[in-house]
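Working notes for the structure below.
Just so it is clear, the model here is predicted, and its values are computed rather than measured. Here, residue 1 is the first one in the sequence, and each next residue gets the next number.
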Amino acid sequence: MSGLRAIRGEIVHFLGDPADLGADALAHFPDGLLIVRDGLVAELGPAADLLRRLPAGTSVDDYRGKLVLPGFIDTHIHYAQTDIVASYGEQVLAWLEKYTYPTERRFADPAHAAAVAEFFCDELLRNGTTTAMAFATVHPASVDALFAAARKRHMRMIAGKVLMDRNCPDFLRDPADGGDAESKALIERWHGRDRLLYAVTPRFAPTSTPAQMALAGRLFADHPGVYLQSHLAENEREVAWVARLYPEARSYLDVYERYGQLGARSVFAHCVWIDDTDRARMATTGAAISFCPTSNLFLGSGLFDLDRAHAAGVRVGLGTDVGGGTSFSMLQTLNEAYKVQQLRGQRLPVERGFYLATRGGARSLYLDDRIGSFDTGREADLVVLDPAATPLLARRTAVATTLSERLFALMLLGDDRAVAATWVMGEPAWRRP
């Protein structure tokens, strides 16, 4: 049958948040079969039941001995910072001046932007990430390059041109009306094309004038279905700076709300230094948080309070935040998330971690009707994890007696080496050599 294929292995996905549903949140098929038709999930169940019903000649990819999960979803990453991963010794405001701005200057060259975008998308797939919400730079060509690279690979990508018209170098500053016009043109060119979605992208409140913030809010309101992405309360010095720049605002979050930037499909990275009033406003408006543990630790920003965000009803996904984050791997990001919660005196059960990296991320992006699970009709993005990918993983998982133990070993010991294959829309997009 045209467009029909199947994937066999130990299949795991989530029906909801384990923090709410407990054990009922997880669907587990020790020997399962995922049937894909024309890039979408057609059926999932025990292999013994489904194999005999497959039409003769259907291609079956056999991953027995490995775990098959929905493709990872990275809700905050900077593709233009790929080349400054692991740059030494700064906190966020100094990081921008010393590393980020000089690096982003190079994206005025479309050839450079294209080369980085190609590498970036390949690196995501090599790490099992099939959907990302990414910052480009102020240059429209940087957005064109990223969307073109993602489209070629059939990935789901959310991205946008950075908006900055103050408190940044002249070589990255564009006037508010110019940034608005370029954003509109990019929305028309890319939003809704194949699996691509546009995000209005003010870098953060300090680098936009009130005029630009107002225009960004209007773009968000005037183009149904677009996203808005920015940074919020990552660092205590940053929070104090915002208070000086916007003295009329109750809080850093209130700045964004005053300019119409809170709502469904607005995603704010970090949110380390917010209060319960902020959390309540995010929950009420439908705004989401991207929890970026690796960069929060690397840049010394602070420890995100996952439990308080959940208690308030805020949507939360995970972000690698490359290049402040030090790995494209969502497994390594989960590793750091677990440790952040330990330092907070909280717990991150392994099932909750993998939920955040899959269906939880999709929910934070309002895409859980399309990605993040193996529910019927979802886009068939998946990652195949090898619990014996390294000698230590193999030794640890050999003595594991439960699925939770094996997942936890992957979460703490796994990285890109544990990814055996990544599939996008029902087709292999990357396989480990």
Note to self: Under 4.0 Å between a side-chain nitrogen and a carboxylate oxygen: does that hold for Arg8 and Asp61?
What the structure shows: no
Item checked: Donor-acceptor contact below 3.5 Å, side chain Tyr99 vs main chain Tyr88 -> yes
Checklist line | 4.5 Å side-chain heavy-atom contact, Phe408 and Arg396 | finding: no
Next item on the list: Tell me yes or no: between the side chains of Asp278 and Ser251, is some donor less than 3.5 Å from an acceptor?
Entry: yes
Checklist line | Asn167 and Thr207: side chain donor to acceptor below 3.5 Å | finding: no
Going by atom type alone, with no hydrogens or angles, which donor-acceptor pairs under 3.5 Å involve a side-chain atom of residues 111-125 and a protein atom two or more places apart or on another chain?
residue : atom : partner : partner atom : Å
Glu118  : OE1  : Lys152  : NZ           : 3.0
Glu118  : OE1  : Arg153  : NH1          : 3.4
Glu118  : OE1  : Arg153  : NH2          : 2.6
Glu118  : OE2  : Lys152  : NZ           : 3.0
Asp122  : OD1  : Arg153  : NE           : 2.8
Asp122  : OD1  : Arg153  : NH2          : 3.1
Glu123  : OE1  : Arg126  : NE           : 3.1
Glu123  : OE1  : Arg126  : NH2          : 3.3
Glu123  : OE2  : Arg126  : NH2          : 2.5

Note to self: Does any part of the side chain of Asn296, heavy atoms only, come nearer than 4.5 Å to the side chain of Val340, both counted from C-beta?
What the structure shows: no
Notebook entry, point to check: Is Arg189 atom CZ crowded by more than 12 heavy atoms from other residues, nucleotides or ligands, each under 6.0 Å away?
Noted result: yes
Next item on the list: Please answer whether the main-chain N or O of Ile77 pairs with a side-chain N or O of Thr320 as donor and acceptor at a distance below 3.5 Å.
Entry: no
Notebook entry, point to check: How about Phe268 and Ser290: do any of their side-chain heavy atoms sit closer than 4.5 Å?
Noted result: no
Check: Would you say Asp17's side chain and Ala19's backbone share a donor-acceptor pair under 3.5 angstrom?
Finding: yes
Next item on the list: With the side chain counted from C-beta on, respond yes when Thr100 and Gln81 share a heavy-atom pair under 4.5 Å apart, and no when they do not.
Entry: yes
Note to self: Between Gln261 and Ser230, do the side chains contain a donor N or O and an acceptor N or O under 3.5 Å apart?
What the structure shows: no
Notebook entry, point to check: Do any N or O atoms from the side chain of Gln229 and from the backbone of Thr201 form a donor-acceptor pair under 3.5 angstrom?
Noted result: no
Item checked: pair Leu303-Val272: side-chain heavy atoms closer than 4.5 Å -> no
Notebook entry, point to check: Taking atom CZ of Arg347 as the centre, does the number of heavy atoms from other residues, nucleotides or ligands within less than 6.0 Å exceed 12?
Noted result: no
Margin query: For Phe220 and Tyr256: C-alpha separation, side-chain torsions, deciding distance, then whether ring pair (Phe, Tyr, Trp, His ring centres under 6.0 Å) applies.
Written below: CA-CA 12 Å; Phe220 184 44; Tyr256 293 109; over 10 Å; no
Checklist line | Side-chain H-bond candidate by donor/acceptor type, Asn235 with Trp273, under 3.5 Å | finding: no
Next item on the list: For side-chain contact (heavy atoms from CB on, under 4.5 Å), just list the numbers for Val255 and Met213, CA-CA rounded to whole Å, side-chain angles, deciding distance to a tenth of an Å, and then say yes or no.
Entry: CA-CA 9 Å; Val255 176; Met213 291 290 279; 3.9 Å; yes
Margin query: Between Leu410 and Leu393, does the side-chain contact (heavy atoms from CB on, under 4.5 Å) criterion hold? Intermediate values first, please.
Written below: CA-CA 7 Å; Leu410 281 161; Leu393 257 177; 4.1 Å; yes
Notebook entry, point to check: Side-chain donor-acceptor pair under 3.5 Å between His139 and Glu182, yes or no?
Noted result: no
Item checked: salt bridge (Lys or Arg N to Asp or Glu O under 4.0 Å) assessment of Glu10 paired with Lys66 -> CA-CA 6 Å; Glu10 183 173 6; Lys66 298 179 175 64; over 6 Å; no
Notebook entry, point to check: What do you reckon, is CZ of Arg237 surrounded by more than 12 foreign heavy atoms closer than 6.0 Å?
Noted result: no
Item checked: Lys/Arg N to Asp/Glu carboxylate O, Arg279 vs Asp276, below 4.0 Å -> yes
Margin query: Could you check whether any side-chain N or O of Arg166 sits under 3.5 Å from a backbone N or O of Ser208, counting only pairs where one atom can act as donor and the other as acceptor?
Written below: yes
Notebook entry, point to check: Is a salt bridge present between Arg203 and Glu104, judged by a nitrogen-to-oxygen distance below 4.0 Å?
Noted result: yes
Margin query: Looking at Arg151 and Asp194, is there a salt bridge between them, counting it only when a charged N and a carboxylate O are closer than 4.0 Å?
Written below: yes
Check: Are His76 and Phe135 close enough that their ring centres sit under 6.0 Å apart?
Finding: yes
Checklist line | Pairing of Arg105 and Asp170 as salt bridge, 4.0 angstrom limit | finding: no
Notebook entry, point to check: Just checking, Arg359 and Phe14: is the charged tip under 6.0 Å from the six-membered ring centre and within 45° of the axis?
Noted result: no
Check: When you look at CZ of Arg417, are more than 12 heavy atoms from neighbouring residues, nucleotides or ligands closer to it than 6.0 Å?
Finding: no
Note to self: Using modelled atom types and a 3.5 Å cut-off, is there a donor and acceptor pairing between side-chain atoms of Arg363 and backbone atoms of Arg315?
What the structure shows: no
Notebook entry, point to check: Shortest non-hydrogen contact from Gly372 to Ala362?
Noted result: CA-CB, 4.0 Å
Check: With under 30° as parallel and over 60° as perpendicular, where do the rings of Phe354 and Phe72 fit, or are they tilted in between?
Finding: tilted
Notebook entry, point to check: Should Arg378 and Asp368 count as an ion pair when the cut-off is N to O under 4.0 Å?
Noted result: no
Check: Where do Asp20 and Arg352 land on the salt bridge (Lys or Arg N to Asp or Glu O under 4.0 Å) test, with the steps shown first?
Finding: CA-CA 10 Å; Asp20 300 323; Arg352 182 102 197 280; over 6 Å; no
Notebook entry, point to check: Should the heavy atoms of other residues, nucleotides or ligands under 6.0 Å from CZ of Arg218 be counted, would the total exceed 12?
Noted result: no
Notebook entry, point to check: Under 3.5 Å, is there a donor-acceptor pair linking the side chains of Glu238 and Tyr252?
Noted result: yes
Next item on the list: For the residue pair Leu186 and Asp144, establish whether any side-chain heavy-atom pair is separated by less than 4.5 Å.
Entry: yes
Margin query: Quick one, Leu331 and Leu385 - any side-chain contact, counting heavy atoms below 4.5 Å?
Written below: yes
Check: What orientation do His13 and Phe374 show, parallel under 30°, tilted 30 to 60°, or perpendicular over 60°?
Finding: tilted
Notebook entry, point to check: At what distance, to the nearest 0.5 angstrom, does CG of Asn335 lie from CG of Leu412?
Noted result: 5.0 Å
Check: Quick one: does Thr277's side chain have a donor or acceptor within less than 3.5 Å of a partner on Asp275's backbone?
Finding: no
Next item on the list: Under the side-chain contact (heavy atoms from CB on, under 4.5 Å) rule, what do Val419 and Trp430 come out as? Steps first, then yes or no, please.
Entry: CA-CA 9 Å; Val419 177; Trp430 184 86; 4.0 Å; yes
Notebook entry, point to check: For Met425, does its backbone N or O pair with a side-chain atom of Asp381 as donor and acceptor, under 3.5 Å?
Noted result: yes
Next item on the list: Using a cut-off of 6.0 Å, state whether more than 12 heavy atoms not belonging to Arg106 lie near its atom CZ.
Entry: no
Checklist line | Salt bridge present between Arg432 and Asp416 (N-O < 4.0 angstrom) | finding: no
Checklist line | Under 3.5 Å: donor-acceptor pair, side chain of Ser364, backbone of Gly361 | finding: yes
Next item on the list: Taking the side chain as every heavy atom from C-beta outward, state whether Leu163 and Val200 have any atom pair closer than 4.5 Å.
Entry: yes
Note to self: Would the distance check show the side chain of His223 and the main-chain N or O of Leu219 forming a donor-acceptor pair, the cut-off being under 3.5 Å?
What the structure shows: yes
Margin query: Angle between ring planes, Tyr198 versus Phe147, binned at 30° and 60°: parallel, tilted or perpendicular?
Written below: tilted
Note to self: Looking at Glu248 and Arg258, is there a salt bridge between them, counting it only when a charged N and a carboxylate O are closer than 4.0 Å?
What the structure shows: no
Check: Is it true that Arg370 and Glu379 have a side-chain N and a carboxylate O under 4.0 angstrom from each other?
Finding: no
